[in-house]
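One structure, pasted below without further comment.
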Amino acid sequence: MDVLSERQHRALAFIASANRGGCPPTAEELELWLANPSPERIGGVDVRVLARVVTSAMEGRSEGAAQHLVRLLWVHNDEGRLSLTELGNALLRDAEMETTSVQTVILEAGDPLAYAQLVGELAGMGKGMIVDPYLDLQGLTDLLTRTSFNRILVSDKDGRKLAALGTYLQDLRDVPEVRYASSGMHDRVILAEDKTVWTIGASLNTVRKQKSSTILMPVPSEGVEGMRGAYEEMWEAAKPLVEVAGAEGEDVSGAAAAEPSEREETT
């Protein structure tokens, strides 16, 4: 059972975020954000002004969000500035932990449904970028036909595999852009359309072959911006994969054109 309503959760999270930034919010600032967290103009009227008018008009007839949280002893009101009580912090931590645990997906070795479950999760992430250094031809086909990713990044470590992927792509039209980057790339990462970042413990190949258990999990919010920036830079420096089409057997990276070891794929 959820203890916090969606509105309570948003209110506590807003107060906690403002406090971490060094500026405890006022009750008015909280109400304005709850009314419209992404302010925009409607018919020439600033929604922030409209929210202030509505809040003012309801005074004496309806308990505001700040009053509600203070009454429940979840929030302190110190001379007009709001902060979470010990109880409020505990409730927010529990709500955030519950959200994260629901999002984390465990993929068990030997489970014939694990790969289908993974592809289903990826399909729900919309347009974005997926990074899988060891992606093989079957994995690429599944991403192209069953998900909406518009950018796919692989490694140049295995020249034969890279040439096979490029040859497959050269005759296709209207497909996501696929690029290859330095063999130093190792992690499996997803930059989803909703701006979240996810990690996968093993390559799609390994999950499909049911060789080891792994986890698909979201990166904590404080690490998202840094990771997105790093992988966006990697993408910009990468080369289009179709350039190696027809170079079958050729090692485009200068490394031995051999299959990567199981340890390389899963660790």
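Keep in mind that what you see is a predicted model, and the values were worked out from it rather than measured.
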Is there a side-chain contact (heavy atoms from CB on, under 4.5 Å) between His9 and Leu92? Walk through the geometry before answering.
CA-CA 7 Å; His9 189 174; Leu92 181 59; 3.7 Å; yes
Test Asp187 against Val131 for side-chain contact (heavy atoms from CB on, under 4.5 Å), laying out the working first.
CA-CA 7 Å; Asp187 297 326; Val131 180; over 6 Å; no
Straight-line distance of Leu73 CG to His76 NE2, nearest 0.5 Å:
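Answer rounded to 0.5 Å: 9.0 Å.
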Does the Thr85 side chain pair with the main chain of Trp74, one donor and one acceptor, at a distance under 3.5 Å?
yes
All heavy atoms of Leu12 vs all of Gly88, minimum pair found to be CD1-O, 4.1 Å
Quick one, Met125 and Leu122 - any side-chain contact, counting heavy atoms below 4.5 Å?
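When only atoms from C-beta onward are counted, Leu122 and Met125 do touch, with a gap below 4.5 Å.
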Does the side chain of Ser203 reach to within under 4.5 Å of the side chain of Arg208, using non-hydrogen atoms?
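No, every pair of side-chain atoms sits at 4.5 Å or beyond.
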What I'd like to find out is whether the side chain of Gln8 reaches to under 4.5 Å of the side chain of Leu72, using heavy atoms alone.
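They are in contact (side-chain heavy atoms under 4.5 Å apart), so the answer is yes.
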Same cluster for Leu204 and Leu113 if Ile/Leu/Val/Met/Phe/Trp/Tyr side chains link at under 4.5 Å?
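Not linked; separate clusters.
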Quick check on Glu232: does its CD atom have over 12 non-hydrogen neighbours (other residues, nucleotides or ligands) under 6.0 Å away?
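Yes, CD of Glu232 has more than 12 neighbouring heavy atoms, counting only those of other groups under 6.0 Å.
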List for me each residue that meets side-chain contact (heavy atoms from CB on, under 4.5 Å) alongside Ser221, sequence neighbours excluded, and say none if there are none.
none
Restricting to non-hydrogen atoms, name the atom on Trp235 and the atom on Glu177 that form the minimum distance, rounded to 0.1 Å.
CH2-O, 3.4 Å
Derivation of the side-chain contact (heavy atoms from CB on, under 4.5 Å) call for Leu107 and Gln117
CA-CA 8 Å; Leu107 304 163; Gln117 183 182 8; 3.7 Å; yes
Residue pair Tyr115 / Gly139: nearest heavy atoms and the distance that separates them
OH-CA, 3.9 Å
Determine the minimum heavy-atom distance between Pro176 and Leu144, stating which atoms define it.
CD-CD2, 3.3 Å
Find the distance between CZ (Arg151) and CG (Leu191) and round it off to the nearest 0.5 Å.
6.5 Å
Kindly determine whether Asn77 and Val75 satisfy side-chain contact (heavy atoms from CB on, under 4.5 Å), including the steps that lead there.
CA-CA 7 Å; Asn77 188 332; Val75 168; 5.7 Å; no
Are side-chain heavy atoms of Leu118 and Val105 found at a separation under 4.5 Å?
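Of all side-chain heavy-atom pairs linking Val105 with Leu118, none is under 4.5 Å.
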Has the side chain of Asn19 got a donor or acceptor atom that lies under 3.5 Å from a matching backbone atom of Leu82?
yes
Residue pair Arg228 / Thr196: nearest heavy atoms and the distance that separates them:
NH1-O, 3.6 Å
Within the structure provided, determine whether Leu169 and Leu140 are in side-chain contact (heavy-atom separation under 4.5 Å).
yes
Taking side-chain contact (heavy atoms from CB on, under 4.5 Å) as the test, write out the residues that go with Glu108, two or more places apart.
Ile106, Asp111, Ser213
Measure the spacing between CG of Asp132 and CZ of Phe149 and express it to the nearest 0.5 Å.
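The CZ atom of Phe149 is 10.5 Å from CG of Asp132, to the nearest 0.5 Å.
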Minimum heavy-atom separation for Ala65 and Arg7, please, with both atom names.
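Scanning both residues completely, I find the closest heavy atoms to be CB-NH2, 3.9 Å.
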Checking Ser17 side chain against Ala13 main chain: does a donor-acceptor pair fall under 3.5 Å?
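No, the answer is negative, given that no donor and acceptor are paired below the 3.5 Å cut-off.
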What's the spacing between Thr104 OG1 and Trp198 CH2 if we round to 0.5 Å?
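Thr104 OG1 to Trp198 CH2: 7.0 Å, rounded to 0.5 Å.
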Sidechain-backbone polar pair: Thr214 side chain, Ala202 backbone, donor-acceptor under 3.5 Å
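Answer holds: yes.
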Would you say that Leu165 contacts Val178 through its side chain, given a criterion of any heavy-atom pair below 4.5 Å between the two side chains?
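Counting from C-beta outward, Leu165 and Val178 never come under 4.5 Å.
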Any donor-acceptor N/O pair, Arg188 side chain to Gly201 backbone, under 3.5 Å:
yes
Would you confirm whether Asn205, through its side chain, and Asp136, through its main-chain N or O, come within 3.5 Å as a donor-acceptor pair?
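Confirmed, Asn205 side chain pairs with Asp136 backbone.
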Rounded to the nearest 0.5 Å, how far does OG of Ser182 lie from CG of Asp156?
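If we round to the nearest 0.5 Å, Asp156:CG and Ser182:OG are 6.0 Å apart.
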Do Met185 and Leu153 have side chains that get closer than 4.5 Å, going by heavy atoms?
yes
CD of Gln67 to CD of Glu31, rounded to nearest 0.5 Å, is 8.0 Å
If only atom types and distance count, is the side chain of Ser155 paired as donor or acceptor with the main-chain N or O of Pro133 below 3.5 Å?
no
